[in-house]
Protein chains: 2
Amino acid sequence: MATAPSPLPPSAADADGAAPVASPAAAALRAIGARVTPARVRVLTLLREAPTPMSHHDVETALGPDAGDRVTLYRVLDWLAEAGLATRGVDATRVTRYAAARDGKHQNHLHFHCDDCGQVYCLDTPPPPPPELPAGFQLQRAELDLHGQCDRCNSGKA
Amino acid sequence: MATAPSPLPPSAADADGAAPVASPAAAALRAIGARVTPARVRVLTLLREAPTPMSHHDVETALGPDAGDRVTLYRVLDWLAEAGLATRGVDATRVTRYAAARDGKHQNHLHFHCDDCGQVYCLDTPPPPPPELPAGFQLQRAELDLHGQCDRCNSGKA
DNA sequence: ACCGCAAATGCAACAGAGTTGCACAAATGG
DNA sequence: CCATTTGTGCAACTCTGTTGCATTTGCGGT
């Protein structure tokens, strides 16, 4: 798998020494009383601009030299998820993907997994109401994953 | 995680030299014109008797000395999924789980993932109808995964 | 402006799940 | 019973994610 398309935005990670703090990511960090570190700001900014959930590898590639240590990246992603600023998800290839949890938007929509290229798409369609479950079971969240072929892979084949 | 409960049935894997072929698993294999090998019969039989999807590790543990080689087990599980005799799924801990695909039963029901113990439960509730998606996208299958705490983990805590 | 401490980072080594290549054994078909 | 095709076993490897520990750094207090 060749690291997916990843249409990363042009001006994702900047503001290191010149501009103090212009990024909304930094603001979000401050808002919850967390430390504002370059790594966190860079990663969160990237996730916020990304159109689809990103894997550790995606983030590392997208940030390039600014990605820093592999482990730090894992820890930052993990921390973001723990802090509620991002959501975690495991795709069909056993890879964990992260998405910015903006204003709760990512909590409540559908994901389409392309079984061909592995890309994950976010759909605007509202999810159906979850069914009720047996007593004793507490529902935390429901996730409807659609699997199939995306338009790109679909047109390329028969 | 201590390898899940795994209530493996008493008479799962037998019939090696004495009884010719009594297992329905073997019959299922023959039915699709595939080779009937001990490994396949043992694994498929186990999966068919299992109440929940099993991971590679679960199967290896359950079969004990009869499990054979790790790699063979991976290949058998993979083959079963490819052949349509089992279905694959990835749980919250990035572990692939397999379930026997009997008569199409496992195709169309819900899974509840316990975020505490990682156990996967099969619910009888019928899944909601999938929404329509953008043009160019071809839906292969929809999977509704419910996440939360199971009754066991739920009662143990506050 | 400076100091100190807790928290974050970097480095290195490790762990578990799954894969690949190749030689050998076994299941079918003739 | 033999030949061919397919599955199995072994060893080594890749990839994703973790853990421990020393060092640096954000940030609040002085």
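First the proteins, then the strands, lettered A, B, ... as listed; each starts at 1.
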Is the side chain of [X] donor-acceptor paired with the backbone N or O of [Y] at a distance under 3.5 Å, no angle test?
{"X": "Arg48(B)", "Y": "Ala100(B)", "value": "no"}
{"X": "Arg94(B)", "Y": "Arg94(A)", "value": "no"}
{"X": "Arg42(A)", "Y": "Asp66(A)", "value": "yes"}
{"X": "His56(B)", "Y": "Arg70(B)", "value": "yes"}

Which residues, ordered by chain and number, are linked to Val95(B) in its hydrophobic cluster, where ILVMFWY side chains connect at heavy-atom gaps below 4.5 Å, directly or through other members?
->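 Via sub-4.5 Å side-chain contacts, Val95(B) links to none.
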Over all strands shown, is [X] touching base, sugar-phosphate only, or nothing at heavy-atom distances under 4.0 angstrom?
{"X": "Thr96(A)", "result": "sugar-phosphate"}
{"X": "Arg94(B)", "result": "sugar-phosphate"}
{"X": "Thr72(B)", "result": "base"}
{"X": "Arg70(A)", "result": "base"}

Not counting sequence neighbours, which residues clear side chain to side chain donor-acceptor pair (under 3.5 Å) with Thr72(A)? List them please.
->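 Listed in chain order: nothing, the list is empty.
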With DNA chain C as reference, determine whether Ala34(B) or Arg75(B) sits nearer its 5' end, using the nearest nucleotide of each.
-> Arg75(B)
Let me know, please, whether Ala67(A) or Tyr98(B) comes out on the 5' side of the other along DNA chain C by nearest nucleotide.
->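 Going by which nucleotide is closer to the 5' end, it is Ala67(A).
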Please list, chain by chain and in numerical order, all residues satisfying side-chain contact (heavy atoms from CB on, under 4.5 Å) with Thr37(A), sequence neighbours excluded.
->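 Once residues adjacent in sequence are excluded, the partners of Thr37(A) under the side-chain contact (heavy atoms from CB on, under 4.5 Å) criterion are Arg35(A), Ala39(A), Arg40(A).
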Who pairs with Arg75(B) by side-chain contact (heavy atoms from CB on, under 4.5 Å), at least two apart in sequence or on another chain?
->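 Checked Arg75(B) against side-chain contact (heavy atoms from CB on, under 4.5 Å); matches are Val71(B).
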The bend of the helix from dA1(C)-dT30(D) to dG30(C)-dC1(D), taken between the axes of its five terminal pairs at each end and rounded to 10°, is 30°
For chain B, the stretch of DNA chain D it reaches, first to last nucleotide, under 4.0 Å of its heavy atoms =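 With heavy atoms of chain B under 4.0 Å away, the range is dT5(D) to dG17(D).
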Heavy-atom contact window of chain A on DNA chain C, given 5' to 3' at under 4.0 Å =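 Contact span on the strand: dA6(C) to dG18(C).
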Is the shortest heavy-atom distance from the side chain of Asp91(B) to the side chain of Val90(A) under 4.5 Å?
-> no
Is there a donor-acceptor contact under 3.5 Å linking the side chains of Thr61(A) and Asp58(A)?
->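 Short answer, no.
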DNA chain D: Ser55(A) or Thr37(A), which has the more 5' nearest nucleotide?
-> Ser55(A)
Asp78(A): what forms a salt bridge (Lys or Arg N to Asp or Glu O under 4.0 Å) with it, not counting sequence neighbours?
-> Arg88(A)
